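Please read the structure below before turning to the comments.
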Amino acid sequence: MQLNNEVALVTGGGSGLGRAIVDRFVAEGARVAVLDKSAAKLQELQAAHGAKVLGIEGDVRVLADHQKAARECVAAFGKIDCLIPNAGIWDYSMPLVDIPDDRIDAAFDEVFHINVKGYLLAVKACLPALVQSRGSVVFTISNAGFYPNGGGPLYTGAKHAVVGLVRELAFELAPHVRVNGVAPGGLNSDLRGPAALGMADQSVANVPLGEMLLSVLPVGRMPEAREYTGAYVFFASRSDNYPATGALLNHDGGLGVRGFFESCGGKDLPQKLQLS
């Protein structure tokens, strides 16, 4: 197990990708503190993993909640080796023209406060512990941090901002703390939208992303949440990843290598190689 005796703190770890990261880190030998807004989801995590997981209920937009999470994590587990700012919301690809004039301010603030400020506050709160452990930060980005059409301008702008955070904080925190980012593509999760746009109860799980991405992704299908988690283990690993800081992993099913007319160019390789 690559993360034996390591301690991680994950925001938004109660469901979706965050839950998969928690499950994988525990399987790799880590103990994990989770900051999440859902008390019910935190109870499910602790029921599944017992004393290996500590749940802290809170709002990622509030510095005091991050400070509480950092404090309780250190009190319970003695340290923080890896911080994973992961909590986020999606704008369901709402284009600028469709955002109502009387909601754009509130929607912008909500998306950026959760998806960007929430990440900054997590690092701010955990920084003393991370410097002490010479630990690392692994930000969850998105394919929308690099390409258009993975969200609307609010989500895409926020995820591009996170790319900037990785680079700036990798510089500012060196040589004591490594900072990297993983950019997953589509996955089934309980990701919600901005309340300011009436999307608080809208879940990605109800969107047929798998069907939509079937003909789009060069890898041939939409990955499951657990299939993204190895990248986080890699960046958190002290034995495998010491050289990397400021690194951005496009872990998105190959969206960046799509052709203009087809998603992939090797569909007929087995036939050409007489393998079938």
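Everything numeric in this text was worked out from a predicted model, so none of it was measured.
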Exercise. Give, for atom CG of D105 and atom CG of D109, the distance between the pair rounded to the nearest 0.5 Å.
Key: 6.5 Å
Quiz prompt | Heavy-atom check, side chain of V32 versus side chain of V7, under 4.5 Å | solution = no
Quiz item: What are the two closest non-hydrogen atoms of V116 and A161, and how far apart are they?
Solution: CG2-CB, 4.0 Å
Quiz prompt | salt bridge (Lys or Arg N to Asp or Glu O under 4.0 Å) partners of residues 145-158, not counting sequence neighbours, each pair once | solution = none
Self-check item: Hphob cluster co-occupancy, L63 + L173, side-chain heavy atoms under 4.5 angstrom
Solution: no
Practice problem: In sequence, state the C-alpha distance, the side-chain angles, and the governing distance for V34 and I56, and then conclude on side chain to side chain contact (heavy atoms under 4.5 Å, CB included). | Solution: CA-CA 6 Å; V34 179; I56 303 105; over 6 Å; no
Practice problem: Report yes if the side chains of L96 and L154 come closer than 4.5 Å at any heavy-atom pair, otherwise no. | Solution: no
Self-check item: Evaluation steps, side chain to side chain contact (heavy atoms under 4.5 Å, CB included), between T140 and V182
Solution: CA-CA 5 Å; T140 293; V182 177; 5.8 Å; no
Quiz item: What about V166 and V131, same hydrophobic cluster or not, with Ile/Leu/Val/Met/Phe/Trp/Tyr joined at side-chain heavy-atom distances under 4.5 Å?
Solution: yes
Quiz item: Atom NZ of K37 and atom CG of D65: how far apart are they, to the nearest 0.5 Å?
Solution: 13.0 Å
Exercise. State, yes or no, whether a side-chain contact exists between F171 and V179 at a heavy-atom distance under 4.5 Å.
Key: no
Quiz item: How long is the span from the CG atom in N86 to the CG atom in L9, to the nearest 0.5 Å?
Solution: 11.5 Å
Quiz prompt | Check: R178 side chain, F235 main-chain N or O, donor-acceptor pair, under 3.5 Å | solution = yes
Quiz prompt | Sequence-distant partners of H251, ring-ring contact (aromatic ring centres under 6.0 Å, His included), two or more places apart | solution = Y228
Exercise. Could you pull out the closest heavy-atom pair between D201 and R192, with the gap in Å?
Key: CA-NH1, 3.5 Å
Quiz prompt | Any residue meeting side-chain hydrogen bond (donor to acceptor under 3.5 Å, both in side chains) with R103, in chain and number order, not counting sequence neighbours | solution = none
Quiz prompt | Listed partners of F234 passing ring-ring contact (aromatic ring centres under 6.0 Å, His included), at least two apart | solution = none
Quiz prompt | Exercise: identify the closest heavy-atom pair between N180 and T245 | solution = OD1-CA, 3.2 Å
Self-check item: Where F77 and A51 come nearest, the two heavy atoms and their spacing
Solution: CE2-O, 3.6 Å
Self-check item: Test item: D268 and P270 side chains (from C-beta on) under 4.5 Å apart, heavy atoms
Solution: no
Quiz item: When you measure from the side chain of W90 to the backbone N and O of G150, does any donor-acceptor pair fall under 3.5 Å?
Solution: yes
Exercise. Sort and list the pairs that fulfil ring pair (Phe, Tyr, Trp, His ring centres under 6.0 Å) and have at least one residue in residues 116-142, not counting sequence neighbours.
Key: Y119-F139
Quiz item: How many angstroms lie between CG in L35 and SG in C73, if you round to the nearest 0.5 Å?
Solution: 11.0 Å
Quiz item: Looking only at side chains, do S93 and Y155 share a donor and an acceptor under 3.5 Å apart?
Solution: no
Practice problem: Calculate, to the nearest 0.5 Å, the distance between atoms CG and OG1 belonging to D36 and T11 respectively. | Solution: 8.5 Å
Exercise. Evaluate the side chain to side chain contact (heavy atoms under 4.5 Å, CB included) criterion for residues L121 and V60: first the C-alpha distance (whole Å), next the side-chain angles of each, then the deciding distance (0.1 Å), finally the verdict.
Key: CA-CA 8 Å; L121 297 181; V60 295; over 6 Å; no
Exercise. May I ask you to test the L169-V123 pair for a side-chain heavy-atom distance under 4.5 Å?
Key: yes
Exercise. Kindly check if the number of other-residue, nucleotide or ligand heavy atoms within 6.0 Å of NZ (K117) is above 12?
Key: yes
Quiz item: Taking only residues two or more places apart in sequence or in another chain, which ones pass ring-ring contact (aromatic ring centres under 6.0 Å, His included) with Y147?
Solution: none
Practice problem: In sequence, state the C-alpha distance, the side-chain angles, and the governing distance for V177 and R134, and then conclude on side chain to side chain contact (heavy atoms under 4.5 Å, CB included). | Solution: CA-CA 5 Å; V177 180; R134 295 191 71 89; over 6 Å; no
Quiz prompt | Residues in side-chain contact (heavy atoms from CB on, under 4.5 Å) contact with Q132, at least two apart in sequence or another chain | solution = none
Quiz prompt | Least distance between heavy atoms, D101 atom then I104 atom | solution = O-CG2, 3.5 Å
Quiz item: Which salt bridge (Lys or Arg N to Asp or Glu O under 4.0 Å) pairs, counting each pair once, include a residue from residues 25-34, with sequence neighbours left out?
Solution: R24-E28
Quiz item: Take atom CG in N4; do more than 12 heavy atoms of anything else shown fall under 6.0 Å from it?
Solution: yes
Quiz item: If you measure from CD1 on I80 to CD on E6, what distance do you get to the nearest 0.5 Å?
Solution: 12.5 Å
Exercise. Could you pull out all residues at least two apart from D23 that satisfy side-chain hydrogen bond (donor to acceptor under 3.5 Å, both in side chains)?
Key: R19, H49
Quiz item: Can you name the closest pair of heavy atoms from E57 and A39 and give their distance?
Solution: OE1-CB, 3.4 Å
Quiz item: Is there any salt bridge (Lys or Arg N to Asp or Glu O under 4.0 Å) pair reaching into residues 158-173, and which pairs are they, with sequence neighbours excluded?
Solution: none
Quiz item: Is the backbone of P153 close enough, under 3.5 Å, to the side chain of T156 for a donor and an acceptor to pair up by distance?
Solution: no
Practice problem: Go through the structure and list residues passing side-chain hydrogen bond (donor to acceptor under 3.5 Å, both in side chains) with S136, not counting sequence neighbours. | Solution: none
Quiz item: Does any non-hydrogen side-chain atom of Y232 lie less than 4.5 Å from one of P184?
Solution: yes
Practice problem: Kindly say whether G151 contributes a backbone atom to a donor-acceptor pair with the side chain of D91 at under 3.5 angstrom? | Solution: no
Self-check item: Pairs involving residues 68-86, ordered by first then second residue, that meet salt bridge (Lys or Arg N to Asp or Glu O under 4.0 Å) (sequence neighbours left out)
Solution: K79-D81, D81-R238
Practice problem: Measure the acute angle between the ring planes of F108 and F112, then classify it against the limits of 30° and 60° as parallel, tilted or perpendicular. | Solution: parallel
